[in-house]
There are 2 protein chains.
Amino acid sequence: MADGRIDPLAPTPPYRQIAEILRLRIESGQYPPDTRIPTESELVETFEVARTTARRAVSVLRDAGLVYTVPQRGTYVTAPAR
Amino acid sequence: MADGRIDPLAPTPPYRQIAEILRLRIESGQYPPDTRIPTESELVETFEVARTTARRAVSVLRDAGLVYTVPQRGTYVTAPAR
DNA sequence: TGATATTTGTACGTATGTATT
DNA sequence: TAATACATACGTACAAATATC
């Protein structure tokens with residue numbers, strides 16, 4: 001599940017699969033620092049999950065310090081410390 | 001809202017109010033280390049909130065390291081480092 | 001000025017799975 | 001065989017702030 005799709009039946013729950021996919025995109029530079037990652041609605045459409053699940057995936061990245069969320073704006077990739 | 005009840009209309013959301021109440025109980029010794037705090041169902045009944053909200057309150061304490069959850073057992077007060 | 005759309009925040013209810021007691 | 005308890009997921013609704021027209 002290296003990219004694009006998740007497996008709803010896999011032992012790893014969808015929210016973690018999505019978090020992992022997004023994490024890979026961040027670390028690969030596909031989502032550069034301070035750029036916005038997909039909105040919750042976009043994640044819902046892309047991965048065909050409920051918004052709750054999409055939000056939870058994002059919260060994993062936020063807890064990990066990989067992204068930061070600006071209310072009413074979006075979620076952005078954390079710029080590395082310099 | 002020092003104890004017992006929450007205000008669903010207060011600017012501080014219910015899940016944070018509940019977390020704060022539980023935190024006060026822990027820090028006051030009402031819930032000693034390694035004892036179990038109320039179950040999700042008990043929190044639902046006590047504070048009259050949805051289970052999701054009760055879970056969320058507990059997750060705040062868990063993230064803060066104040067409690068630890070044992071799946072299928074319950075959530076317990078973290079013993080202080082010695 | 002006003003209306004609309006977008007996006008996140010919060011909360012509700014419900015269902016199923018899994019593990020323990 | 002229940003009953004208990006947490007984990008995950010679904011869908012839904014409304015609020016608040018922002019952006020856009």
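Just so it is clear, the values below take in all heavy atoms, side chains as well, and ignore hydrogens, waters and symmetry mates. So that the names make sense, note that chain A is the first sequence line, chain B the second, and so on, each numbered from 1.
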If only side-chain N and O atoms of R56(B) are considered, is one of them under 4.0 Å from the OP1 or OP2 phosphate oxygen of dG9(C)? no
DNA chain D: 5'-proximal contact among R55(B) and T39(B) (nearest heavy atom): T39(B)
Rounded to whole angstroms, how far apart are CD on E42(A) and P on dT7(C)? 6 Å
Measuring from atom CD of Q30(A) to atom OG1 of T35(A), what distance do you get when rounded to the nearest 0.5 angstrom? 10.0 Å
Over 12 foreign heavy atoms within 6.0 Å of CD, E42(B): yes
Whether S59(B) side chain and R56(B) backbone form a donor-acceptor pair below 3.5 Å: yes
May I have the distance from L43(A) (atom CG) to dC10(D) (atom C1'), rounded to whole angstrom? 17 Å
Length of the line joining E40(B):CD and dT8(D):P, which is rounded to integer Å: 11 Å
Please report the C-alpha distance between T52(B) and T52(A) in whole Å, then the side-chain angles of each, then the deciding distance to 0.1 Å, and finally whether the side chain to side chain contact (heavy atoms under 4.5 Å, CB included) criterion is met. CA-CA 11 Å; T52(B) 322; T52(A) 322; over 6 Å; no
Might you list the N or O atoms of the protein lying below 3.5 Å from N or O atoms in nucleotides 1-5 of chain C, with each pair's distance?
none

Within the distance-only criterion (no hydrogens, no angle test), does the side chain of T78(B) pair as donor or acceptor with the backbone N or O of L66(B) below 3.5 angstrom? yes
Protein-nucleotide distance (I6(A), atom CD1; dT8(D), atom P), rounded to Å: 14 Å
Nearest-neighbour nucleotide for the T75(A) side chain, dC6(D), dT7(C), dT8(C) considered: dT8(C)
CD1/I26(B) to OH/Y76(B) distance, rounded to the nearest 0.5 angstrom? 14.0 Å
Starting at CD of E45(A) and ending at P of dG11(D), how long is that distance when rounded to a whole Å? 13 Å
Exceeds 12 heavy-atom contacts within 6.0 angstrom, atom CD of E27(B): yes
Within this structure, what is the CD-CD1 distance for the pair E40(B) and I37(B), rounded to the nearest 0.5 Å? 9.5 Å
Check I6(A), V49(A), T53(A), V58(A) against Y15(A) for a side-chain contact (heavy atoms from CB on, under 4.5 Å) and give me the one that passes. T53(A)
Applying a 4.0 Å non-hydrogen cut-off, can you work out what T69(A) is touching in the nucleic acid: base, sugar-phosphate, or nothing? sugar-phosphate
Taking only the side-chain heavy atoms of P13(A) (C-beta and beyond), determine which of dC10(D), dG9(C), dT8(D) contains the nearest atom. dT8(D)
Taking OP1 and OP2 of dA7(D), is either one under 4.0 Å from a side-chain nitrogen or oxygen of R16(A)? no
Heavy atoms under 4.0 Å is the rule here; annotate nucleotides 13-21 of chain C 5' to 3' with B where the base is hit, S where only the sugar-phosphate is, and - elsewhere. S-B--BBSS
